[in-house]
2 protein chains.
Amino acid sequence: MRRDSRLSGVLHVLLHMAQQPGPFTSETLAKAMDTNPVVIRRIMAGLRQLGYVRSEKGHGGGWTLACDLSKVTLRDVYAALGSPSLLAMGNRTEAPGCLVEQAVNAALDQAFYDAEALLLSRLGEVTLAMLGDDLRKRLGSRKIHHIGAHGA
Amino acid sequence: MRRDSRLSGVLHVLLHMAQQPGPFTSETLAKAMDTNPVVIRRIMAGLRQLGYVRSEKGHGGGWTLACDLSKVTLRDVYAALGSPSLLAMGNRTEAPGCLVEQAVNAALDQAFYDAEALLLSRLGEVTLAMLGDDLRKRLGSRKIHHIGAHGA
DNA sequence: CATCATGTAACATACAAAGTTACATGAGGC
DNA sequence: GCCTCATGTAACTTTGTATGTTACATGATG
């Protein structure tokens with residue numbers, strides 16, 4: 001099944017924004033993500049509503065981080081996307097009359113629920129600040145590659 | 001994202017088959033699952049290859065269970081479907097050059113991997129026989145509703 | 001008031017599961 | 001032998017959702 005990459009995408013954007021100051025236009029971010037500005041605005045909309053980022057119109061406008069990165073977890077970001085379903089598999093029927101199906105659902109639901117809970121828990125343990133720290137380690141002595149730095 | 005219900009579906013079929021003897025035609029099973037015979041054949045193909053079921057052509061033909069239900073786990077059935085991806089989310093890029101993306105992927109991969117492992121482990125703990133026992137409990141004093149029992 | 005940037009609707013594309021049609025293959029029953 | 005039944009499979013259609021694109025309204029800046 002095709003996999004939803006919005007969480008991956010929006011984290012990428014946020015982490016890039018954390019590396020340098022100043023507002024970023026949707027177009028700049030879109031170039032860095034190799035996608036379309038409208039897609040950026042779409043996935044950022046939920047973050048704005050929760051106050052994690054701000055957006056300004058007009059000259060000098062764009063997106064700005066507006067939160068304490070050490071207080072926002074990957075789970076928060078996931079929630080900002082509208083908490084899309086985490087699992088690629090589900091029950092054929094949610095409230096079946098058939099007892100056979102009920103037995104099947106009960107078994108699968110248990111496993112599914114546990115896996116979802118674990119995943120959410122793991123996402124809740126990682127803050128954006130921790131991601132930033134990890135990135136800095138990876139950068140090592142290397143110079144940070146600021147987005148939009150090479151003209152274009 | 002739309003959820004893959006093949007595992008749920010094939011378990012439903014297997015559990016129905018465990019409730020009564022004799023071969024079942026794809027059409028009979030399809031009626032019980034409210035779907036198409038070809039869909040049944042499709043999801044049963046993997047199970048046949050692994051020897052969990054057999055199929056016979058011609059008069060009196062159809063599908064038959066061919067395994068020890070206490071030895072086959074939900075994980076085995078999942079594998080028989082070709083081990084489709086379990087998670088609805090994934091990384092935007094698998095082997096990115098961008099260090100930012102690498103940092104994001106590393107964090108997400110960890111969480112994703114743990115959740116998948118837990119789910120597989122849970123599925124591996126449940127056998128088809130256990131599902132059957134649970135079903136019998138649910139049936140209680142009620143009479144089993146054999147598929148195809150009401151004419152039609 | 002011209003330009004820039006977001007906000008959003010509307011439409012197009014890509015892709016996988018699910019459903020359908022068509023026909024080949026092979027196993028009885030007569 | 002031949003008809004019928006049932007699987008096996010390819011090809012096509014439908015559907016749902018993420019993604020991509022176009023178009024235009026809104027508002028801020030110089």
Side-chain angles (χ1 to χ4, degrees), chain A residues 1-10 12-13 17 22-49 53-64 66 78 81-94 148, chain B residues 1-10 12-13 17 22-49 52-64 66 78 81-93 148:
Chain A
M1 175 170 296
R2 202 173 170 193
R3 281 159 116 157
D4 185 340
S5 67
R6 280 174 293 179
L7 180 56
S8 171
V10 74
H12 189 166
V13 167
M17 291 173 69
F24 305 83
T25 68
S26 302
E27 188 164 350
T28 302
L29 296 174
K31 280 222 176 80
M33 302 252 317
D34 195 40
T35 183
N36 194 289
V38 179
V39 174
I40 299 290
R41 295 190 191 114
R42 208 139 59 188
I43 64 180
M44 295 288 274
L47 294 186
R48 186 185 53 234
Q49 272 192 308
V53 297
R54 253 175 320 160
S55 61
E56 304 282 355
K57 293 180 176 178
H59 282 271
W63 298 90
T64 323
Y78 162 74
L81 294 179
S83 302
S85 83
L86 293 169
L87 299 180
M89 316 198 66
N91 293 325
R92 228 173 46 85
T93 310
E94 269 328 311
Chain B
M1 176 166 300
R2 202 172 171 193
R3 281 160 117 159
D4 184 339
S5 67
R6 280 174 294 178
L7 180 57
S8 172
V10 73
H12 189 166
V13 166
M17 291 172 68
F24 304 84
T25 67
S26 301
E27 188 164 350
T28 302
L29 295 174
K31 282 222 176 79
M33 302 253 316
D34 195 41
T35 182
N36 194 289
V38 178
V39 175
I40 299 290
R41 295 190 193 114
R42 208 140 58 190
I43 64 180
M44 296 288 274
L47 294 186
R48 186 185 54 233
Q49 272 191 310
Y52 298 149
V53 297
R54 254 175 319 159
S55 61
E56 304 282 355
K57 292 181 177 179
H59 282 270
W63 298 90
T64 323
Y78 162 75
L81 294 179
S83 302
S85 84
L86 293 169
L87 298 180
M89 316 198 66
N91 293 325
R92 228 172 45 85
T93 309

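All figures in this text were calculated on a predicted structure; none of them were measured in a lab.
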Per-nucleotide protein contact string for nucleotides 15-23 of chain C, where B marks a base within reach and S marks sugar-phosphate only (heavy atoms under 4.0 Å, - for neither): SSBBBBB--
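- With sequence neighbours excluded, the residues satisfying side-chain contact (heavy atoms from CB on, under 4.5 Å) with B:R3 are A:S85, A:L87, A:E116.
- In this structure, A:S26 does not reach the C:dA5 phosphate: none of its side-chain N or O atoms is under 4.0 Å from OP1 or OP2.
- Listed for the B:T25 side chain is a donor-acceptor partner under 3.5 Å among the backbone atoms of B:T28.
- Taking the salt bridge (Lys or Arg N to Asp or Glu O under 4.0 Å) definition, one finds that B:R92 meets it with B:E101, sequence neighbours left out.
- Note: A:D4 CG to A:L81 CG = 7.5 Å, rounded to the nearest 0.5 Å.
- Between A:V13 and A:F24 there is no side-chain heavy-atom pair separated by less than 4.5 Å.
- Proximity of B:E56 to B:P23: side-chain heavy atoms (C-beta onward) are nowhere separated by under 4.5 Å.
- Computed from coordinates, the B:R48 CZ to D:dA6 C1' distance equals 12 Å when rounded to whole Å.
- Residues forming a salt bridge (Lys or Arg N to Asp or Glu O under 4.0 Å) with A:R41 (at least two apart in sequence, or on another chain): none.
- Atom pair B:L47:CG and D:dG8:P shows a separation of 12 Å (rounding to whole Å applied).
- Between A:M89 and B:P84 the shortest heavy-atom distance is CE-CG, 4.4 Å.
- A sub-4.0 Å separation between OP1 or OP2 of D:dA6 and a side-chain N or O of B:T25 is absent.
- The number of heavy atoms from other shown groups lying within 6.0 Å of CD (A:E94) is above 12.
- In terms of the side-chain contact (heavy atoms from CB on, under 4.5 Å) criterion, residue partners of B:R48 (sequence neighbours excluded) are, by chain and number, B:A45, B:V53, B:S55, B:W63.
- In this structure, B:L29 atom CG and D:dA6 atom P are separated by 12 Å, rounded to whole Å.
- For B:E27, the salt bridge (Lys or Arg N to Asp or Glu O under 4.0 Å) partners at least two apart in sequence or on another chain are B:K31.
- Taking atom CH2 of residue B:W63 and atom P of nucleotide D:dA6, one finds them 14 Å apart after rounding to whole Å.
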Short N/O separations, protein against nucleotides 27-30 of chain C, under 3.5 angstrom:
none

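- Non-hydrogen atoms lying under 4.0 Å from DNA chain C are contributed by nothing in residues 85-92 of chain A.
- Heavy atoms of A:G60 sit nowhere under 4.0 angstrom from any nucleic acid atom.
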